[in-house]
Protein chains: 2
Amino acid sequence: MATSYLNSNADGPRTLVDKVYVQLRAAIMDGDIEPGAKISEPELAKNFGVSRSSLREAIAKLESSNLVERQANVGARVVTLSNESLLEIYQVRESLEGLAARLAAENMTDAEIEHLHSLLNLQSKCGKSISRAEYKSVDFDFHYCIVLGSHNERLIRMLSRDLFELVHFYRKKFSGSGPRPDQALIEHTEIVAAIARRDGEMAEVMMRHHIRAAREHAKKSFTSEHHTIPGSLDK
Amino acid sequence: MATSYLNSNADGPRTLVDKVYVQLRAAIMDGDIEPGAKISEPELAKNFGVSRSSLREAIAKLESSNLVERQANVGARVVTLSNESLLEIYQVRESLEGLAARLAAENMTDAEIEHLHSLLNLQSKCGKSISRAEYKSVDFDFHYCIVLGSHNERLIRMLSRDLFELVHFYRKKFSGSGPRPDQALIEHTEIVAAIARRDGEMAEVMMRHHIRAAREHAKKSFTSEHHTIPGSLDK
DNA sequence: TGCGACGGTATTGTCGACAATCTGCCCAAA
DNA sequence: TTTGGGCAGATTGTCGACAATACCGTCGCA
């Protein structure tokens, strides 16, 4: 019931390339492959036990998910995570998820709103007796639920395909700059209330505020953090 | 000097796949391949004179540009353009380009603002003595210039890679619901003024208004248009 | 000693062939 | 006549090999 969104493929990867894609993505997100590290096609193909063609196609998918960058005749590298690009992502999220919240208030079905309430309950109940990873999962499901509630396919695809995987990536990497569980719960509650009363304007305002607060929180933890990023020194 | 944005590759395609990608994209946008049409790998590979592998990689890129959709073991089809999805795109653009305008007001260099002015001049001078295609090109350069002026790499990539090609596609297809040149020029002028005086809030408001107006214009022309889309009848 | 050309090695780009899956048609049974 | 299964053709998925390019250490020369 948790786990949520990473399985956009209905029932398991249907093709070899998909399997490799999922595994490679996990390897990147878990840090088994360092950010900025080169991706060697022959080596990885052997590791996964597939041909280079399949691996190349998987890499292409990773590239379209913004997790790796390719250069012609040179190769692919895992993206490097800079503080600046994280702040950029927050800016885009503020705009896009604000839109999602407004549309969700207008378009969500009653059943969807009910589900949103249950997610909120879950979040408030487990309180602090929960690991950081679990908290992040709950928090993520909440945001994702609202995005789905927008009923705007284009918006859903842009957020889930192009942004959320990067967000996950960052969260795994910067496990510092921890969440603000208490404040976040309050803000989530306000957002749900606005959606439930079909107040799109307010839902958008609250969501934007919520994300901007998270951005400022991250920003602050950067400046106090000596300006260095773990893993940013290797060429 | 126009032509503008479609050449994100610095100096021509460096690889075969890129060449095929560019040609295929052009073929789709020019309507040489109908929306919703199936893409046969063996046939197209022969037409382009390349192997299926290269063609497949090009198709994967098209898919990440949202111009084709693939299904495992079935094949790829050119996306179908529905009125609803066009309206969805307008919604996302309103949010994202609004953000771009605000950031542009904050971050554009004086030289960039100067360039923006020159684009505006160009648009106002040629007036009506200009073909529709040329007008669209000028209009597009204007929007793209502001997006670049945001100096937010993530935003730039999302707009240009994931949205603008679709926008072009729609414009080529629905050449009806023509532009509103006079009104658009007024709105563009206001946006530039706001940016030039570094008024981010106002720039965002104006840009959102501008795009919402275009959306309403398109919506209106749909309802008056008998509810049919050209080329939507073939399975 | 430092700089630039050269060559070997490894990696990426491209290709054609084989295997797995789907599509459409035909035929048989109810 | 209709429905279901199965066969044949075509299309997609996967693979390994060859060609082109980039990387790196060496050598020669100023």
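Each chain gets a letter, A, B and so on, in the order its sequence line appears, and its residues count up from 1. As the structure is a computational prediction, the values presented were derived from the model and not from experiment.
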Checklist outcome for this item: Picking from C:dG16, D:dG13, C:dG13, the nucleotide nearest the side-chain atoms of B:S51 would be C:dG16
Next on the checklist: When you measure from the side chain of A:E41 to the backbone of A:L55, do you find a donor-acceptor pair of N or O atoms at a distance under 3.5 Å?
Outcome noted: no
Checklist entry - So does B:R154 pair up with A:E88, basic N to acidic O under 4.0 Å? => result no
Checklist entry - Rounding to a whole Å, what distance do you find between B:Q71:CD and D:dG13:C1'? => result 15 Å
Item to check | Proximal nucleotide (of C:dG13, D:dG13, C:dC15) relative to the A:E41 side chain | outcome: C:dG13
Next on the checklist: I need the CG-P distance between B:L16 and D:dC18, as an integer number of Å.
Outcome noted: 20 Å
Checklist entry - If you look at every strand shown and take non-hydrogen atoms under 4.0 Å, does A:S53 touch a base, only sugar-phosphate, or nothing? => result base
Item to check | Between C1' of D:dT11 and CZ of B:R52, the distance in whole Å | outcome: 7 Å
Checklist entry - What is the distance from NZ of A:K46 to P of D:dG16, rounded to the nearest Å? => result 13 Å
Item to check | Separation of C:dT12 P from A:I59 CD1 (nearest whole Å) | outcome: 8 Å
Next on the checklist: Does either side chain, that of B:H151 or that of B:E112, offer a donor lying less than 3.5 Å from an acceptor on the other one?
Outcome noted: yes
Checklist entry - Does D:dT12 have OP1 or OP2 sitting under 4.0 Å from an N or O in the side chain of A:T15? => result no
Checklist entry - If each of A:V74 and A:V50 is mapped to the nucleotide of DNA chain D with the nearest heavy atom, which maps nearer the 5' terminus, i.e. the 5' end? => result A:V50
Item to check | Distance in angstrom units between B:D18 CG and C:dT12 P, rounded | outcome: 16 Å
Item to check | Separation of C:dT11 P from A:K38 NZ (nearest whole Å) | outcome: 8 Å
Next on the checklist: Would you call the rings of A:F142 and A:H188 parallel, tilted or perpendicular, taking 30° and 60° as the class edges?
Outcome noted: parallel
Next on the checklist: Is there, by distance only and without an angle test, a donor paired with an acceptor across the side chain of A:R14 and the base of D:dG13 below 3.5 Å?
Outcome noted: no
Item to check | Presence of A:R56 side-chain N/O under 4.0 Å of D:dC15 phosphate oxygens OP1/OP2 | outcome: no
Checklist entry - What are the two closest heavy atoms between A:V79 and A:N66, and how far apart are they? => result CG1-O, 3.5 Å
Checklist entry - Using a cut-off of 4.0 Å on non-hydrogen atoms, how would the nucleic acid contact of B:L55 be classed: base, sugar-phosphate, or nothing? => result nothing
Checklist outcome for this item: Taken to the nearest whole Å, CG/A:N73 to C1'/D:dA20 is 8 Å
